[in-house]
Amino acid sequence: MSNDLKIENDVLDGIDRRLVQLLTANARTTTADLARQVGMSSPSVADRLRRLEESGVVRGYTLDVDPVALGYTLTAVARIRPLPGQLRRVEKLIAEIGEVIECDKVTGDDCFIARLVLKSIEQLDGVLDRITEFAETNTAIVKSSTVRRRLPPLQSRS
């Protein structure tokens, strides 16, 4: 079995896909445990992981923290449309607001879609007040998450 990272037409080989899946499930899995699960030696798996990192497939290893455990019982999604001439200011402001845990710059009527975590509905007003001086907002409270952030499909193309 070759230790080379095989990305053919932007598709990982089966072992690389399995390694990414295993690390997504538990980023703290040891190289030895990964090696056992994919049937390779630890040095071979370490080499594959290094190549996955160097190629940019694996950008980092993360920690999944539950906002509710930290007291953030509400999640909101805000569509943000900067007022004329305020795009850069709004972009900078969004980046500075700690309750914004994710934000995408998008096409369409709105320029930004932001995900916020909040300890109370009153906190939402305070966050939005900082933004509405420079932008229009439209906000929805998240009732549940149908699809949590996940990997894109890793299967080989047919």
Side-chain angles (χ1 to χ4, degrees), residues 4-29 34 46-158:
D4 293 335
L5 176 64
K6 295 203 180 2
I7 302 179
E8 300 167 5
N9 298 324
D10 297 323
V11 179
L12 302 175
D13 72 14
I15 292 170
D16 293 324
R17 284 193 304 274
R18 184 71 179 133
L19 289 171
V20 169
Q21 290 167 338
L22 290 167
L23 287 169
T24 299
N26 181 0
R28 294 184 67 185
T29 305
L34 291 170
D47 187 50
R48 279 182 175 260
L49 293 176
R50 181 185 53 77
R51 290 174 192 222
L52 285 166
E53 292 167 2
E54 288 174 355
S55 69
V57 171
V58 173
R59 295 188 297 196
Y61 301 84
T62 63
L63 181 65
D64 185 13
V65 175
D66 183 359
V68 174
L70 299 175
Y72 295 97
T73 57
L74 295 172
T75 300
V77 175
R79 296 184 357 232
I80 303 166
R81 182 185 310 175
L83 298 173
Q86 300 298 316
L87 179 73
R88 298 284 177 245
R89 175 180 264 168
V90 170
E91 189 169 22
K92 185 176 184 296
L93 180 60
I94 291 169
E96 294 171 354
I97 297 172
E99 292 84 0
V100 175
I101 59 168
E102 196 173 342
C103 184
D104 295 309
K105 192 173 191 179
V106 298
T107 61
D109 290 338
D110 303 310
C111 290
F112 302 100
I113 307 285
R115 190 171 197 86
L116 299 92
V117 291
L118 308 154
K119 292 186 176 186
S120 67
I121 197 73
E122 293 80 19
Q123 187 180 16
L124 177 61
D125 288 335
V127 171
L128 293 180
D129 285 348
R130 293 179 62 190
I131 297 171
T132 56
E133 183 177 346
F134 309 106
E136 295 177 1
T137 64
N138 186 310
T139 307
I141 299 296
V142 175
K143 291 176 19 178
S144 67
S145 295
T146 305
V147 177
R148 287 182 37 102
R149 182 176 294 270
R150 63 182 176 194
L151 286 176
L154 297 176
Q155 69 273 11
S156 58
R157 295 180 187 162
S158 302

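Count residues from 1 along the sequence.
To the nearest 0.5 angstrom, L74 atom CG is 5.5 Å from I141 atom CD1. Residue R48 holds its CZ atom at 12.0 Å from CG of L34, rounded to the nearest 0.5 Å. Distance check: L151 CG to R17 CZ gives 12.5 Å after rounding to the nearest 0.5 Å.
Every residue was checked against the salt bridge (charged side-chain N to carboxylate O under 4.0 Å, His left out) condition with K143, not counting sequence neighbours, and none meets it. Partners of R50 by salt bridge (charged side-chain N to carboxylate O under 4.0 Å, His left out), not counting sequence neighbours, listed by chain and number: D47, E54. Considering only residues two or more places apart in sequence or on other chains, R148 meets the side-chain hydrogen bond (donor to acceptor under 3.5 Å, both in side chains) condition with D64. Taking R88 as the reference, E91 meet the side-chain hydrogen bond (donor to acceptor under 3.5 Å, both in side chains) condition, with sequence neighbours excluded. In this view, R18 and Q21, L22, Q37, V38 satisfy the side-chain contact (heavy atoms from CB on, under 4.5 Å) rule, not counting sequence neighbours. In this structure, E122 has no salt bridge (charged side-chain N to carboxylate O under 4.0 Å, His left out) partners at least two apart in sequence or on a different chain. Judged as a side-chain contact (heavy atoms from CB on, under 4.5 Å), and not counting sequence neighbours, the contacts of C103 are I94, V100, F112, A114. Listed by chain and residue number, V65 satisfy the side-chain contact (heavy atoms from CB on, under 4.5 Å) test with L63 (two or more places apart in sequence, or in another chain). Listed by chain and number, the residues in a side-chain hydrogen bond (donor to acceptor under 3.5 Å, both in side chains) with E53 are Y61 (sequence neighbours excluded). Applying the side-chain contact (heavy atoms from CB on, under 4.5 Å) criterion to R115, with sequence neighbours excluded, gives T75, V77, I101, E102, V142, S145.
Contact annotation: the side chain of V90 never approaches that of C111 to less than 4.5 Å [non-hydrogen atoms, C-beta and beyond]. Side chains of L87 and K105 form a contact here, defined as non-hydrogen atoms less than 4.5 Å apart. Side-chain atoms of V117 and L70, non-hydrogen and from C-beta on, never get closer than 4.5 Å to each other. Residues V58 and L19 form no side-chain contact, since every pair of their non-hydrogen atoms from C-beta on lies 4.5 Å or further apart.
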Side chains of residues 129-140: which donor-acceptor pairs under 3.5 Å do they make with residues two or more places apart or in other chains?
from: T132; atom 1: OG1; to: L128; atom 2: O; distance (Å): 3.1

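Here the shortest heavy-atom pairing between T29 and L23 reads O-CD2, 4.3 Å.
The backbone N or O of I15 lies less than 3.5 Å from a partner atom in the side chain of D13, making a donor-acceptor pair.
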How far apart are the C-alpha atoms of L12 and L52, what are their side-chain angles, what is the distance that settles it, and do they pass the side chain to side chain contact (heavy atoms under 4.5 Å, CB included) test? CA-CA 9 Å; L12 302 175; L52 285 166; 4.1 Å; yes

